[in-house]
Amino acid sequence: MNSEGIILKDISFSYPNQNIFKNFNINIPASKVSVILGPSGCGKSTLLNIIHGILTPESGIIGKDKNILISYLFQEPRLVPWKTVKQNIELILRNHYDYKQRKKITEHYLELIGLSEFGDYYPSELSGGMRQRVAIARAFAYPAEIILMDEPFQALDPGLKINLTKLFSSLWIEDNRTSLFVTHDIEEAIFLGDEIFVLSSSKPSILIEHIINTVSRPKRQTEDPEYLKIKTRLNSLLVN
């Protein structure tokens, strides 16, 4: 949907008594899924918040259009509890589409996530996995050029986590939106990421590796030699 990536140049940011980034640089390509991989506390979520504009760096340049629309998928679904599944999706569309278009888009994404029959349910009537599927659909339904994802599958059991990563991948294939996914899970990083950026555990955080994932999506999570090579390399980086 957008032809521009995201460039962060010489970004510095600190919390009280902790320097997170100092002269940090990263170039997120357009129309790909990029993954920020690193241990807990390395600044992954902070980086997303800086890109979104929730946090303002002390110095540096954020190379993106200030008016660009961004979807943000969090660790928890953050659905409005007093609105139905359909209403939760339509809510974020009301400033962009008329009623007929909102209805069509909502129905389209509910079908893609396999919840067409649950459109009139409230979040409390859904399982945790179903709520997160709605959150994913909402993120893609919003006419954003960029999707930011902050470990959205972290709290789910392994089987459900795999299913939702596959769901995300299938939705992404539809429009190849510029996406930035944060995780500390190596398997998740290789399965989703076209490009993988590894952050250090030391402070201030630095970019210690940039890997271009050449494994085709159908072969990810297999015994493909290139997949295993990337997995071995990422394991060595996170251990060190």
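All residue numbers in this chain count up from 1 along the given sequence.
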CD1-OG distance between I11 and S59, expressed to the nearest 0.5 angstrom: 7.0 Å
Atom pair OG1/CD of T106 and E111 - distance to nearest 0.5 Å: 13.0 Å
Spacing of L8 atom CG and I50 atom CD1 [to the nearest 0.5 Å]: 7.0 Å
Minimum side-chain heavy-atom gap K231-E187 below 4.5 Å: yes
Donor-acceptor contact below 3.5 Å, side chain N176 vs main chain S31: no
Joint cluster assignment, Y99 & L91, ILVMFWY side-chain distance < 4.5 Å: no
Over 12 non-hydrogen atoms of neighbours within 6.0 angstrom of CZ in F74: yes
Nearest heavy-atom neighbours spanning R138 and P77: NH2-O, 2.8 Å
Connected via hydrophobic side-chain network under 4.5 Å: V80 and L126: no
Expected output: side-chain R133 to main-chain I113 donor-acceptor under 3.5 Å: yes
Step-by-step side chain to side chain contact (heavy atoms under 4.5 Å, CB included) determination, V33 to R217: CA-CA 11 Å; V33 180; R217 287 187 175 272; 3.5 Å; yes
Sidechain-backbone polar pair: R131 side chain, P123 backbone, donor-acceptor under 3.5 Å: yes
Minimum heavy-atom distance L207-V198, with the two atoms named: CD1-O, 3.4 Å
Flag, side chain of S169 to backbone of T165, donor-acceptor distance under 3.5 Å: no
Nearest non-hydrogen partners of D194 and R220, listed with the distance: OD1-NH2, 3.2 Å
Heavy-atom check, side chain of K161 versus side chain of E188, under 4.5 Å: yes
D98 backbone acceptor or donor facing Q101 side chain under 3.5 Å: yes
Pairs satisfying ring pair (Phe, Tyr, Trp, His ring centres under 6.0 Å), at least one member in residues 164-187, at least two apart: F140-F168, F153-F181
Whether F21 and F24 hold their rings parallel, tilted or perpendicular, with breakpoints at 30° and 60°: tilted
Minimum side-chain heavy-atom gap N19-K203 below 4.5 Å: no
Verdict with supporting geometry, E107 and K103, salt bridge (Lys or Arg N to Asp or Glu O under 4.0 Å): CA-CA 6 Å; E107 290 176 349; K103 181 177 172 59; 2.9 Å; yes
E174 side chain near L112 side chain, heavy-atom distance below 4.5 Å: yes
Atom pair CD1/CD1 of I7 and I51 - distance to nearest 0.5 Å: 11.5 Å
Single-linkage hydrophobic cluster Y227~I162, side-chain heavy atoms < 4.5 angstrom: no
Between OG1 on residue T178 and CD1 on residue I6, distance to nearest 0.5 Å: 6.5 Å
Working for side chain to side chain contact (heavy atoms under 4.5 Å, CB included), residues E90 and Y97: CA-CA 9 Å; E90 290 176 0; Y97 304 105; over 6 Å; no
Any H96 side-chain heavy atom under 4.5 Å of Y142 side chain: yes
Donor-acceptor contact below 3.5 Å, side chain E151 vs main chain V182: no
Ionic contact status for R233 with E209, cut-off 4.0 Å: yes
Donor-acceptor under 3.5 Å (K44 side chain, L199 main chain): no
I68 reachable from I61 in the ILVMFWY side-chain graph, under 4.5 Å edges: no
Side chain to side chain contact (heavy atoms under 4.5 Å, CB included) evaluation trace for N49 with Y72: CA-CA 10 Å; N49 289 334; Y72 207 141; 2.7 Å; yes
Point-to-point distance, once rounded to the nearest 0.5 Å, from CG of N23 to CD1 of I206: 12.0 Å
Heavy-atom pair of closest approach, residues A141 and I105: CB-CG2, 4.0 Å
Donor-acceptor contact present, side-chain S179 to main-chain R177, <3.5 Å: yes
Minimum side-chain heavy-atom gap L37-T183 below 4.5 Å: yes
Pair F13-Y15, ring pair (Phe, Tyr, Trp, His ring centres under 6.0 Å): steps then yes or no: CA-CA 7 Å; F13 182 87; Y15 291 115; 4.9 Å; yes
Exercise: identify the closest heavy-atom pair between I28 and S34: CG2-OG, 3.7 Å
Linked, directly or transitively: F197 and I212 (ILVMFWY side chains, under 4.5 Å): no
L164/L156 under side chain to side chain contact (heavy atoms under 4.5 Å, CB included): CA gap, chis, key distance, verdict: CA-CA 9 Å; L164 287 183; L156 304 174; 3.1 Å; yes
Over all atoms of both residues, closest heavy-atom pair of S71 and A144: N-CB, 3.4 Å
Heavy-atom side-chain contact between L79 and V134 under 4.5 Å: yes
